[in-house]
Student: 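If you scroll down you'll find the structure; I have some questions about it.
Chain identifiers are assigned alphabetically (A, B, ...) following the order of the sequence lines, protein sequences preceding nucleic acid strands; residue numbering begins at 1 within each chain.
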Amino acid sequence: MNSIKISDNVLNWYDANRRTLPWRYEQDQVADPYRVWLSEMMLQQTQVDTVIPYFQKFTAKWPTVNDLAKADLDDVLHLWQGLGYYARARNLHKCAKLIAEQFNGVFPTSPAELATLPGIGPYASAAIAAIAFNVPATVVDGNVARIVSRVFGFSAPIRHNQKHIYTAAESLTPCLRAGDYAQALMDIGSGICTPRSPKCNLCPLQQNCKAYKSGAPEAYPGRLEKPSIPTRYAVAFICINDKQMLLRKRTGQKMLQGLWELPGSDWYIDSLPELPEDIHEPYVDVKHTFSHFHLITRVMQVSEVDAEYLNGAELLCNIHDFDQLALSTLTKKLLQSQK
DNA sequence: AAGCCGGGGAT
DNA sequence: ATCCCAGGCTT
């Protein structure tokens with residue numbers, strides 16, 4: 001009885017506060033599973049306002065999953081550049097080809113089948129089933145985990161409490177309007193039940209929330225002590241000859257695989273790598289932070305690059321054609337530092 | 001269970 | 001600077 005009231009409150013809030021988004025459908029519309037899937041892949045660890053322009057570019061260039069399946073991975077990475085977690089783009093392309101070639105271009109509707117596809121895990125399989133097909137799956141992302149922890153008064157860190165959180169979330173999930181309910185919870189999580197300074201006075205769950213009643217809702221759920229991240233160091237070379245610049249493609253590495261970068265050293269812990277003695281060019285140190293380390297790169301312009309920094313594959317790119325290659329934010333930052 | 005994988009927004 | 005995010009994959 002209590003749980004029914006909670007989902008009704010959530011859905012009523014959604015009807016009054018629903019935000020229009022390019023991948024969001026009205027109750028009387030039939031959702032396009034391709035757009036729902038694409039949005040979910042982009043929204044992983046990424047905020048809505050960041051995703052919107054990427055979603056527009058992708059759907060304009062590839063309106064259907066069959067179009068995306070026929071694309072080159074290089075082009076997919078190019079449109080993905082700047083969005084981060086590039087394994088998502090590689091899995092996106094792999095999944096599109098699977099759907100096109102083995103599923104006749106039709107997405108499966110059950111969470112279990114969806115979860116077998118690359119890039120689709122426990123969260124996304126439930127979200128796609130609920131939002132695209134109205135399957136009453138229990139959708140638990142970071143927002144929902146935080147809301148549930150607060151409503152039920154769970155003080156444990158999310159990472160150590162996932163089973164309890166899922167069970168509690170399941171007990172609240174309505175049979176009807178599963179997609180609207182899931183999206184409503186995520187809107188509430190990102191806009192009201194925020195990690196810091198939650199806006200409890202605007203929350204449709206206020207009267208059901210143990211964390212609110214405790215007087216310190218922001219203390220739920222507990223946080224894990226986050227380890228400080230190390231700093232790595234590298235050297236990179238800008239080598240321009242006759243309006244062409246030397247670039248190389250990242251292959252083999254896990255990070256930024258498939259993207260183009262400046263030739264340079266590996267990323268060393270502790271200190272800058274030794275430079276050849278004949279290099280005395282002026283330089284700029286550029287700092288960039290990845291998810292698990294800082295990187296300080298010493299950038300310098302040189303007239304030639306030693307073979308040890310080329311790493312095989314290389315490309316002389318016309319400096320006016322950068323916008324045709326997939327570059328990471330780091331590489332863009334290094335190039336920008338010289339202007 | 002814990003580590004790896006980007007980048008940007010909010011504070 | 002620090003924390004967080006519409007997580008999944010790997011070990």
Student: Any chance you could lay out the side chain to side chain contact (heavy atoms under 4.5 Å, CB included) test for A:F103 and A:L117, step after step, and finish with the verdict?
Tutor: CA-CA 11 Å; A:F103 289 80; A:L117 297 165; 4.0 Å; yes
Student: Could you state the CD1-P distance from A:I52 to B:dG7, rounded to the nearest angstrom?
Tutor: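 In whole Å, B:dG7 P and A:I52 CD1 are 20 Å from each other.
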Student: Output the residues of residues 19-39 of chain A in contact with DNA chain C, where contact means a heavy atom of the residue under 4.0 Å from an atom of the strand; sort by number or write none.
Tutor: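 Listed by number, they are A:L21, A:W23, A:R24.
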Student: With a 3.5 Å cut-off and just heavy-atom distances, do the side chain of A:R159 and the base of B:dA2 make a donor-acceptor pair?
Tutor: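 Pair found.
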Student: If each of A:K254 and A:I158 is mapped to the nucleotide of DNA chain C with the nearest heavy atom, which maps nearer the 5' terminus, i.e. the 5' end?
Tutor: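 It is A:I158 whose nearest nucleotide is closer to the 5' end.
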Student: Mind calculating the distance between NZ (A:K333) and P (B:dG7) to the nearest angstrom?
Tutor: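 In whole Å, B:dG7 P and A:K333 NZ are 8 Å from each other.
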Student: Look at all strands and tell whether A:L256 reaches a base, only sugar-phosphate, or nothing, counting heavy atoms closer than 4.0 Å.
Tutor: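 Since only primed, P, OP1 and OP2 atoms lie under 4.0 Å of A:L256, the category is sugar-phosphate.
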Student: Below 30° counts as parallel, above 60° as perpendicular, anything between as tilted: where do the rings of A:W37 and A:Y34 land?
Tutor: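 Correct class here is tilted.
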Student: Send over the distance from A:W267 CH2 to B:dC4 P, rounded to a whole Å.
Tutor: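 It works out to 14 Å between those atoms.
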Student: Taking only the C1' atom of each, what is the distance from C:dC5 to B:dG6 in whole angstrom?
Tutor: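 The same atom, C1', in both gives a distance of 12 Å.
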Student: Looking across every strand, which nucleic acid part, if any, lies under 4.0 Å from A:M186 by heavy atom: base, sugar-phosphate, or nothing?
Tutor: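 The residue A:M186 makes base contact.
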Student: Please step through side chain to side chain contact (heavy atoms under 4.5 Å, CB included) for the pair A:R35 and A:Y25, ending with a clear verdict.
Tutor: CA-CA 10 Å; A:R35 293 169 71 91; A:Y25 294 85; 3.1 Å; yes
Student: Check nucleotides 9-11 of chain B for protein N or O atoms closer than 3.5 Å to its own N or O atoms and list the pairs.
Tutor:
residue, atom, partner, partner atom, Å
B:dG9, O4', A:Q47, NE2, 3.4

Student: For atom P, what is the distance between B:dT11 and C:dA6, given to the nearest Å?
Tutor: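 Nearest-Å result for B:dT11 against C:dA6 at atom P: 14 Å.
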Student: Which pairs count as salt bridge (Lys or Arg N to Asp or Glu O under 4.0 Å) when at least one residue sits in residues 9-24 of chain A, sequence neighbours excluded?
Tutor: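 Those involving residues 9-24 of chain A are A:D15-A:R177, A:R18-A:E26, A:R19-A:D49, A:R24-A:D187.
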Student: Any donor and acceptor pair, going by atom type alone, linking the side chain of A:N12 with main-chain N or O of A:D8 inside 3.5 Å?
Tutor: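 Pair found, side chain donor or acceptor close to backbone of A:D8.
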Student: Can you tell me the distance, in whole Å, between the CD atom of A:Q45 and the C1' atom of B:dC5?
Tutor: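 That distance rounds to 10 Å.
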Student: Report yes if the distance between the aromatic ring centroids of A:F55 and A:F58 is under 6.0 Å, otherwise no.
Tutor: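 No: the rings miss the under 6.0 Å criterion.
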Student: Provide the start and end nucleotides, 5' to 3', of the part of DNA chain C that has atoms under 4.0 Å from heavy atoms of chain A.
Tutor: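 That gives a stretch of C:dC3 to C:dC9.
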Student: Restricting to side-chain contact (heavy atoms from CB on, under 4.5 Å), what partner residues turn up for A:Y166, sequence neighbours left out?
Tutor: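 A:T138, A:V140, A:E170.
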Student: Give the rounded distance in Å between these two atoms: CZ of A:R250 and C1' of B:dC5.
Tutor: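 Taking CZ of A:R250 and C1' of B:dC5, I get 12 Å after rounding.
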Student: A:Q44 CD to B:dG8 C1': how many Å, rounded?
Tutor: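 From A:Q44 CD to B:dG8 C1': 17 Å.
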Student: Do A:Q44 and A:Y85 have side chains that get closer than 4.5 Å, going by heavy atoms?
Tutor: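 No, too far: nothing below the 4.5 Å cut-off.
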Student: Please evaluate the base of B:dG6 for a donor-acceptor partner in the side chain of A:T46 within a cut-off of under 3.5 Å?
Tutor: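 Under the 3.5 Å cut-off, the side chain and the base do form a donor-acceptor pair.
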Student: Please state whether the phosphate of B:dG7, meaning OP1 or OP2, lies under 4.0 angstrom from any side-chain nitrogen or oxygen of A:T329.
Tutor: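 Answer yes for this pair, as a side-chain N or O of A:T329 is under 4.0 Å from OP1 or OP2.
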Student: Indicate, with a heavy-atom threshold strictly under 4.0 Å, whether A:A182 touches base, sugar-phosphate, or nothing.
Tutor: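 Nothing: the residue A:A182, judged by heavy atoms under 4.0 Å, touches no strand.
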Student: Within the 4.0 Å heavy-atom criterion, would you say A:F290 contacts the bases, only the backbone, or no part of the nucleic acid?
Tutor: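 Answer is sugar-phosphate: A:F290 comes under 4.0 Å of backbone atoms only.
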Student: What's the spacing between A:S265 OG and A:R298 CZ if we round to 0.5 Å?
Tutor: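 Answer for the OG-CZ pair, A:S265 versus A:R298, is 11.0 Å.
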Student: Answer yes or no: does a side-chain N or O of A:H288 lie under 4.0 Å from OP1 or OP2 of B:dG6?
Tutor: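 Looking at the OP1 and OP2 atoms of B:dG6, neither is under 4.0 Å from any side-chain N or O of A:H288.
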Student: When all nucleic acid strands are considered with a 4.0 Å heavy-atom cut-off, which category describes A:G189: base, sugar-phosphate, or nothing?
Tutor: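 Touches nothing.
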Student: Sequence neighbours excluded, which residues qualify as salt bridge (charged side-chain N to carboxylate O under 4.0 Å, His left out) partners of A:D306?
Tutor: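 With neighbours one apart ignored, the set is empty.
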Student: With a 4.0 Å limit, can you tell me whether A:H292 has a side-chain N or O closer than that to the phosphate oxygens OP1/OP2 of B:dC4?
Tutor: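 So the side-chain polar atoms of A:H292 never come under 4.0 Å of the phosphate oxygens OP1 or OP2 of B:dC4.
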Student: Verify whether one side chain among A:Q338 and A:Q301 offers a donor that lies under 3.5 Å from an acceptor in the other.
Tutor: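 Yes, A:Q301 and A:Q338 have a side-chain donor paired with an acceptor closer than 3.5 Å.
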Student: Using OP1 and OP2 only, check whether a side-chain N or O of A:Y85 sits under 4.0 Å from B:dC4.
Tutor: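 No, A:Y85 has no side-chain N/O under 4.0 Å of OP1/OP2 on B:dC4.
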Student: Touch check for A:V48, heavy atoms < 4.0 angstrom, all strands: base, sugar-phosphate only, or nothing?
Tutor: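 Base: the residue A:V48, judged by heavy atoms under 4.0 Å, touches a nucleobase.
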Student: Whole angstrom is fine here: how far is it from CG in A:L295 over to P in B:dG6?
Tutor: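 Whole-Å distance recorded here is 13 Å.
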Student: Are any of the side-chain nitrogens in A:R196 or A:E218 under 4.0 Å away from the carboxylate oxygens of its partner?
Tutor: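 A salt bridge is absent here (no side-chain N lies under 4.0 Å from a carboxylate O).
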Student: Measure from CZ on A:R88 to P on B:dG6 and round the result to the nearest Å.
Tutor: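 That distance rounds to 9 Å.
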Student: Salt-bridged, A:K249 to A:D74, with N to O below 4.0 Å?
Tutor: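 Judged by the 4.0 Å cut-off on N to carboxylate O distance, A:K249 and A:D74 do form a salt bridge.
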